[in-house]
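Predicted model, so just to flag it, every value in this text is computed and none were measured. Note: hydrogens, waters and symmetry copies are ignored here, and every other heavy atom, side chains too, is used.
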Amino acid sequence: MAKLIYAAIASLDLYVEDEDGGFGWAKPGEELHAFVNDLERQLGTYLYGRRMYETMVAWETIDDVPDQPAVIRDYAEVWRAAEKVVYSGTLEEAASARTRIEREFDPVAVKQLVESAERDVGVGGPGLAASALEAGLVDEVHLFLHPVVIGGGKPALPKGQRLELELVGQGRFDDGVVHLHYRAKH
């Protein structure tokens with residue numbers, strides 16, 4: 001059965017963006033990027049909010065930039081191969097193939113999507129992930145913690161929600177990033 005997976009690259013103090021919306025500090029090294037590529041290769045569908053989609057849609061045409069490293073080209077292929085569902089009340093049309101727009105997040109429809117999926121489903125962005133976590137839909141959480149404290153911004157995990165998680169894996173990358181893999185206790 002497919003799982004709903006939330007993965008976030010975050011600062012050590014658990015922010016995905018700083019107070020100005022920047023995340024340049026979170027650029028993955030090649031080793032980490034290759035690991036994320038392999039992790040996301042198992043996904044058949046991405047669920048995004050509008051802002052996360054607008055960030056990620058660059059992968060649709062990244063091959064247009066000459067001399068991209070192999071790890072970048074590989075992720076672009078992974079991203080383009082997956083279906084994308086974007087939850088937005090304002091986005092008029094998708095800027096990528098294999099993409100549909102839904103006007104609102106419906107936990108029942110998402111549960112049905114995951115249950116009928118042949119491959120795992122990823123939820124991207126902390127806002128949408130918070131809705132999925134609150135609805136009890138997330139099966140796994142992957143946190144990639146960068147060795148930087150940014151002091152504020154957009155949190156990777158929702159405030160005010162209690163989550164029962166079981167650590168099932170961990171790792172360290174050559175750039176000091178730590179990976180924590182959790183399974184949700186439903």
**Item:** Crowding at CD, Gln161 (>12 non-hydrogen neighbours, <6.0 Å)
**Value:** yes

**Prompt:** Between His179 and Phe35, does the ring centroid distance fall short of 6.0 Å?
**Reply:** yes

**Prompt:** Would you call Lys111 and Asp106 a salt bridge, taking side-chain N to carboxylate O under 4.0 Å as the test?
**Reply:** no

**Item:** Least distance between heavy atoms, Asp175 atom then Gly29 atom
**Value:** OD2-N, 3.3 Å

**Prompt:** Can we say Glu166 and Lys185 salt-bridge, meaning some charged N sits less than 4.0 Å from an Asp/Glu carboxylate O?
**Reply:** no

**Asked** Does the side-chain contact (heavy atoms from CB on, under 4.5 Å) test come out yes or no for Val71 and Asn37, once each step is laid out?
**Response** CA-CA 8 Å; Val71 71; Asn37 290 3; 3.5 Å; yes

**Item:** Tyr48 side chain to Ser88 side chain, donor-acceptor N/O pair below 3.5 angstrom
**Value:** no

**Request:** Could you tell me whether Glu83 and Arg98 have a side-chain N and a carboxylate O separated by less than 4.0 Å?
**Result:** yes

**Request:** Consider only side-chain N and O atoms of Glu40 and Tyr46, and report whether a donor and an acceptor are under 3.5 Å apart.
**Result:** yes

**Prompt:** More than 12 foreign heavy atoms under 6.0 Å from CZ of Arg41: is that the case here?
**Reply:** yes

**His142 and Leu39: CA distance, side-chain angles, deciding distance, side-chain contact (heavy atoms from CB on, under 4.5 Å) verdict** = CA-CA 10 Å; His142 291 265; Leu39 176 67; 3.6 Å; yes

**Request:** Verify the cluster assignment for Val57 and Val16: are they in a single hydrophobic cluster under the rule of side-chain heavy atoms below 4.5 Å apart?
**Result:** no

**Prompt:** What pair of heavy atoms forms the shortest contact from Arg80 to Trp59, and how long is it?
**Reply:** NH1-O, 3.3 Å

**Prompt:** Is it true that Arg50 and Glu54 have a side-chain N and a carboxylate O under 4.0 angstrom from each other?
**Reply:** yes

**Item:** Flag side-chain contact, heavy atom, 4.5 Å: Val123 against Ile5
**Value:** no

**Derivation of the side-chain contact (heavy atoms from CB on, under 4.5 Å) call for Trp25 and His146** = CA-CA 8 Å; Trp25 49 266; His146 279 254; 4.3 Å; yes

